[in-house]
Amino acid sequence: VQLQASGGGLVQAGGSLRLSCKAIGINFSIVTMAWYRQAPGNQRELVANITSGGSTNYVDSVKGRFTISRDNARRTVYLQMNSLKPEDTAVYYCKTFWKYDWWGQGTQVTVSS
């Protein structure tokens, strides 16, 4: 199983980014997909997840600003991040569970004030 994350970068506060994560070697359509993030000195935290049926869940700090979605045909999960804040700066990881936990390589998001 491989999770290939992309889309991070440097953006000013108030800007937007879209992260993508493509899954290889897994029956994508039946698994829950998630995005986590880890800022320096902090624990990794769940940002959002989406079930196989499309139900979503968000951490309170991103509600109304971030949207998680999935395209089963492309085996890809997305995280649309709008109204970004400096406190959103972190390495973002996609993750799924299929017999084991599988993590993507992480993509850096930096939001300047």
Side-chain angles (χ1 to χ4, degrees):
V1 177
Q2 292 182 48
L3 300 178
Q4 299 175 341
S6 61
L10 172 64
V11 64
Q12 288 187 332
S16 298
L17 285 173
R18 189 176 81 153
L19 306 183
S20 301
C21 175
K22 183 169 185 175
I24 298 172
I26 195 170
N27 191 345
F28 182 82
S29 63
I30 67 171
V31 297
T32 293
M33 298 296 300
W35 286 99
Y36 283 72
R37 66 186 179 186
Q38 187 168 20
N42 290 0
Q43 290 188 336
R44 195 171 294 189
E45 67 168 350
L46 174 67
V47 176
N49 60 23
I50 183 167
T51 68
S52 59
S55 297
T56 58
N57 179 57
Y58 299 90
V59 68
D60 285 347
S61 59
V62 308
K63 286 181 180 177
R65 301 188 297 121
F66 290 12
T67 303
I68 189 170
S69 62
R70 64 191 297 157
D71 183 336
N72 288 341
R74 290 182 168 82
R75 294 188 295 184
T76 300
V77 62
Y78 303 98
L79 186 67
Q80 178 66 45
M81 306 184 294
N82 298 329
S83 302
L84 282 161
K85 303 175 181 180
E87 51 263 44
D88 295 317
T89 295
V91 178
Y92 285 70
Y93 301 88
C94 56
K95 183 231 181 192
T96 192
F97 178 82
W98 177 250
K99 300 181 181 178
Y100 307 99
D101 282 339
W102 300 96
W103 294 88
Q105 81 279 18
T107 184
Q108 176 71 46
V109 172
T110 303
V111 184
S112 63
S113 57

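None of the values given here were measured: they were computed from a predicted structure.
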Quick one: [atom1] on [X] to [atom2] on [Y], what's the gap to the nearest 0.5 Å?
| X | Y | atom1 | atom2 | answer |
| --- | --- | --- | --- | --- |
| Ile24 | Thr76 | CD1 | OG1 | 9.0 Å |
| Asn57 | Asn49 | CG | CG | 5.0 Å |
| Tyr78 | Thr67 | OH | OG1 | 14.0 Å |
| Thr96 | Met33 | OG1 | CE | 4.5 Å |

Check: Stepwise, does the side-chain contact (heavy atoms from CB on, under 4.5 Å) test hold for Val62 with Arg37?
Finding: CA-CA 12 Å; Val62 308; Arg37 66 186 179 186; 4.0 Å; yes
Check: Given side chains that start at C-beta, do those of Met81 and Val111 come closer than 4.5 Å, heavy atoms only?
Finding: no
Notebook entry, point to check: Taking only residues two or more places apart in sequence or in another chain, which ones pass side-chain contact (heavy atoms from CB on, under 4.5 Å) with Ser6?
Noted result: Ser20
Margin query: Could you work out, with side-chain contact (heavy atoms from CB on, under 4.5 Å) as the rule, every residue matching Thr110, not counting sequence neighbours?
Written below: Leu10, Thr89, Gln108
Are [Y] and [X] linked, directly or through intermediate hydrophobic residues, by side-chain heavy-atom contacts shorter than 4.5 Å (ILVMFWY only)?
| X | Y | answer |
| --- | --- | --- |
| Tyr100 | Val31 | yes |
| Trp103 | Leu79 | no |
| Val77 | Tyr93 | no |
| Leu46 | Trp35 | no |
| Leu17 | Val91 | no |

Check: Does Phe28 have Arg75 sitting over its ring (NZ/CZ under 6.0 Å from centre, angle to axis within 45°)?
Finding: no
Check: Using 30° and 60° as the class limits, which term best fits the ring planes of Phe66 and Tyr92: parallel, tilted or perpendicular?
Finding: tilted
Check whether [X] reaches the backbone of [Y] with its side chain - one donor and one acceptor, N or O, closer than 3.5 Å.
| X | Y | answer |
| --- | --- | --- |
| Arg70 | Thr32 | no |
| Tyr58 | Ile68 | yes |
| Gln105 | Gln4 | no |

Looking only at non-hydrogen atoms, find the nearest pair between [X] and [Y] and report the distance.
| X | Y | answer |
| --- | --- | --- |
| Asn82 | Gln80 | OD1-NE2, 2.9 Å |
| Pro86 | Ala13 | CD-CB, 4.1 Å |
| Cys94 | Ala5 | SG-CB, 4.1 Å |

Item checked: Working for side-chain contact (heavy atoms from CB on, under 4.5 Å), residues Asp101 and Lys95 -> CA-CA 7 Å; Asp101 282 339; Lys95 183 231 181 192; 3.2 Å; yes
Next item on the list: Dump the intermediate steps for side-chain contact (heavy atoms from CB on, under 4.5 Å) on Arg65 and Asp88, then the final yes or no.
Entry: CA-CA 11 Å; Arg65 301 188 297 121; Asp88 295 317; 2.7 Å; yes
